[in-house]
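Worksheet: one structure, shown below.
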Amino acid sequence: MRNSSDWKPTAYRTHTIGQVVSNGAKIIGKEVTIAGYAETVRGRGAICFLMLRDGTGKIQAFLKKDNMESDIFDSMQSSTRESTIKVTGFVAQKRPPKVKEGEALPSPEYEINVSSGEILASSETPLPVGVIDDVNVGLDVRLDNRHLDLRRTHVNAMFQLRSKVLQYGREHLIKEGFMEMNSPKIIASASEGGTNLFPMMYFDTPAFLSQSPQLYKQLAVLGGLERVFEIGPAFRAEKHDTYRHLNEFISFDIEGAWMNDEDVMGVQERMINHIWTCVAQNDQNLIDSINVYRNSQGNDSIKVEIPSIPFPRIAYCDAIEIVKSGGAEIEWGDDIESHHCDIIAAKYPGFHFIPRWPMAMKPFYIHHKENEKSTSGGQLSRGFDLNYGRDEMTSGGQREHRVEILEQNLRNMDLNPEDFNFYTDGFRYGAPPHAGWGLGVARLLMVLTGAGNVREVVLFPRDRSRVTP
RNA sequence: GCCCUGAUGGUGUAGUGGCCUAUCAUGCAGCCCUGUCGAGGCUGCGACCCGGGUUCAAAUCCCGGUCGGGGCGCCA
């Protein structure tokens, strides 16, 4: 539940429920108006108990037929679950519940002794997904009804955490001198290469949805903005169907001038460390909400373990050796696949960087140094990944800032440099050495919240078969 | 794109050819209750994904379709 201690009254309430819950002792006897969703409606006689919930807390409203107009009482006691209701009444201390012998009484709670009220919008029945039901609901049904799913405490908590993670990430980058920018999402041609793009018509011109802000953040740095970041959508027309892929996702991207790969790895590990530190300090209540649900489903609690920095760096060449010694078949130049990552993660649980990939496996815009070769003579690059367990969080690297090398890289990959003028033209008038990365926000949230599927931490996910809601 | 797997009331499930006009929980509706709090008691409501086939007999077996889930590949 959100902390609303500073929230002002609105047209529909004098207090948030959270304000009454946390201040009850000081405002006993005071008349307040609150509004919320009817979580339960109990008692069908001459008294009635409404459990009201808003985004800040839950409180019981006590209705007695003698204390109010009978038609208001009748409509409220026959209201359906999840209807939105406004009540006016006096704050009172709640009678303590019966407890088994030997058990301690809970700490004092407060309720509203209702004198009048109004149903703002009644809920149809039955609910397509229960908000407080114990029954486990399938993800697909939940996503079809996300507006109701979101009323569940632990789901709500996950999205509050998501907001916090973005907030703390922003705070940290701004502190390190990065400024927020926005790049276009409608583009004429691929800005990164590699994956398939969604085609679209831009009036009479064929265009695509952007797969990455890569080129634009580099152009911003070339233009002298020095240090930039962007949190925005990226679109990939890949027909994958996994717990960690979506066709639209939010990418957390940075780019910094006069930096190399090691510099931006430092930015990243400091940022992640800052996010975890802030969550541990400020948001344990959200983690607790998630754990209440996890425990009810027989899952272990999650803990916010602040990752210490620096994160381990396992150079690609070393990673290959670790995988080999773990018994898997892999050669220098092969991609490190998920089952290989399991072997590495067994040795390095938690966040770890994998720098110095073979140049041939990285995009043409990644920087390399001629003298950095593998023992077998293969050219290494200044590209890196950040992994957690078997999952890739980030891809990044130092970029190539010399246009003649960029064009040579393209030729080395059997590509025609003229086809990439949209990219290389920006590099013809002087360019600072620079580096950056792109981080999958939902994947980071999976690590923090223990979610087993990115769809859990994306409000309205877009996957291969889902375009609504 | 490949491999595996699944679809039963609103939701989550039981069911392995006849015992199924289908189990349980939750929900929903109605009645009882002036302090409930996982409220309780009583009475009801509500389902075998679609199409074809096998069989005396199909929720159950076979084929096709649709829509899910898991794994792989690719990536963030």
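Computation of the quantities below employed the complete heavy-atom set of this structure, encompassing side-chain atoms and omitting hydrogens, waters and symmetry-equivalent molecules. In this text, all values refer to a predicted model and were calculated from it rather than measured experimentally. We name chains A, B, ... by the order of the sequence lines, and we start the count at 1 in each one.
Side-chain contact annotation: A:Asp391 with A:Tyr243, donor-acceptor N/O pair under 3.5 Å present. With no hydrogens or angles considered, a side-chain donor-acceptor pair links A:Glu400 and A:His367 at under 3.5 Å. Side-chain contact check for A:Glu269 and A:Asn273: no donor-acceptor pair (N or O, by modelled atom type) lies under 3.5 Å.
Using a 4.0 Å cut-off between a side-chain N of Lys or Arg and a carboxylate O of Asp or Glu, A:Arg443 and A:Glu456 do not qualify as a salt bridge.
Distances shorter than 4.0 Å separate none of the side-chain N or O atoms of A:Thr394 from OP1 or OP2 on B:rA76. The side chain of A:Thr242 places no N or O atom within less than 4.0 Å of a non-bridging phosphate oxygen (OP1 or OP2) of B:rG70. Distances shorter than 4.0 Å separate none of the side-chain N or O atoms of A:Arg142 from OP1 or OP2 on B:rU11.
A side chain to side chain donor-acceptor pair (under 3.5 Å) with A:Glu39 is found for one member of A:Gln60, A:Arg151, A:Arg81, A:Lys58 and no other, namely A:Lys58.
Ring centroids of A:Phe384 and A:Phe353 are separated by less than 6.0 Å, placing the two rings close together. Centroid-to-centroid, the aromatic rings of A:Phe49 and A:Phe62 come within less than 6.0 Å.
Only the C1' atoms considered, B:rG9 is 10 Å distant from B:rC48, to the nearest whole Å. B:rC3 and B:rU8 have their P atoms separated by 25 Å, with the value rounded to a whole Å. If you take atom C1' in B:rC24 and the same atom in B:rA76, they sit 44 Å apart, rounded to whole Å. Nucleotides B:rC74 and B:rC20, compared at atom C1', are 48 Å apart to the nearest Å. For the P atoms, the distance linking B:rG10 with B:rC50 amounts to 13 Å, nearest Å. B:rU23 and B:rA59: their P atoms are spaced 14 Å apart (whole Å). Remark: the separation of the P atoms in B:rC45 and B:rC4 is 44 Å, to the nearest Å. B:rA47 and B:rU26 have their C1' atoms separated by 15 Å, given to the nearest Å.
Distance from the side chain of A:Ala46 is smallest to B:rU34 among B:rG35, B:rC74, B:rU34. Considering only side-chain atoms of A:Arg244, the nucleotide from B:rC72, B:rC37, B:rC28 that sits closest is B:rC72. Listed nucleotides B:rU34, B:rG12, B:rG35 differ in distance to A:Asp66; the shortest reach to its side chain belongs to B:rU34. When distances are taken from the side chain of A:Glu392 to each of B:rU34, B:rA76, B:rG12, the shortest belongs to B:rA76. Of the listed nucleotides (B:rG68, B:rA76, B:rC72), B:rC72 has the atom at the smallest distance from the side chain of A:Arg390. Distances from the side chain of A:Phe49 to the nucleotides B:rG12, B:rG35, B:rA76 place B:rG35 closest. Of the candidates B:rG35, B:rA76, B:rC74, B:rG35 carries the atom nearest the A:Ile47 side chain, counting heavy atoms from C-beta on. Minimum atom distance to the side chain of A:Asp140 is reached by B:rG69, of the listed B:rC37, B:rG69, B:rA29. Looking at the side chain of A:Val137, the nearest of the listed nucleotides B:rC28, B:rA76, B:rU11 is B:rU11. The side chain of A:Thr80 has B:rA29 as its nearest neighbour among B:rC75, B:rG68, B:rA29.
Considering CE of A:Met271 and CZ of A:Arg170, their distance stands at 11.0 Å, rounded to 0.5 Å. Considering NE2 of A:His172 and CD of A:Gln167, their distance stands at 14.5 Å, rounded to 0.5 Å.
A pairwise comparison of heavy atoms in A:Arg162 and A:Leu445 identifies CA-CD1, 3.8 Å as the closest pair.
When base pairs are accepted only as Watson-Crick or G-U wobble with both N-N or N-O distances under 3.5 Å, RNA chain B takes part in stems of 3 or more pairs at B:1-7 with B:66-72, B:10-12 with B:24-26, B:27-32 with B:40-45, B:49-53 with B:61-65.
Between A:Phe311 and A:Phe351, the angle of the ring planes stays under 30°, which puts this pair in the parallel group of the 30/60° scheme. In this structure, A:Tyr423 and A:Tyr365 have parallel ring planes: the angle between them is below the 30° cut-off, well short of the 60° mark.
The interatomic distance linking A:His245 (NE2) with B:rG70 (P) rounds to 14 Å, in whole Å. Rounded to an integer number of Å, the gap from A:Ile336 CD1 to B:rA76 P is 14 Å. Here B:rC28 presents its C1' atom at 15 Å from CD of A:Glu82, a figure rounded to the nearest Å. B:rU11 atom P lies 14 Å from atom CG of A:Asp149, rounded to whole Å. As a whole-Å value, the separation of A:Arg455 CZ from B:rG70 P is 7 Å. The CZ-P distance, from A:Phe73 to B:rC33, rounds to 12 Å in whole Å.
No donor-acceptor contact under 3.5 Å links the side chain of A:Glu238 to the base of B:rG1. Side-chain N/O atoms of A:Arg42 and base N/O atoms of B:rC33 include no donor-acceptor pair closer than 3.5 Å. Under 3.5 Å, the side chain of A:His339 and the base of B:rC72 form no donor-acceptor pair of N or O atoms.
Across all strands shown, A:Lys94 has heavy atoms under 4.0 Å from base atoms, whether or not it also approaches the sugar-phosphate. Within the 4.0 angstrom heavy-atom criterion, no nucleotide atom of any strand lies near A:Pro233. If you check every strand for non-hydrogen atoms under 4.0 Å, A:Met393 touches sugar and phosphate atoms only. A:Val141 comes within contact range of the sugar-phosphate backbone alone, with a heavy-atom separation under 4.0 Å but no base atom that close.
Between A:Phe249 and B:rA76, a base-stacking contact is recorded: ring centres under 5.5 Å apart, planes less than 30° from parallel.
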Interface polar pairs with nucleotides 2-10 of chain B, N/O, under 3.5 angstrom:
from   : atom 1 : to       : atom 2 : distance (Å)
B:rG10 : O2'    : A:Pro128 : O      : 3.3

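Comparing A:Gly440 and A:Leu139 along RNA chain B, the residue whose closest nucleotide (by nearest heavy atom) sits nearer the 5' end is A:Leu139.
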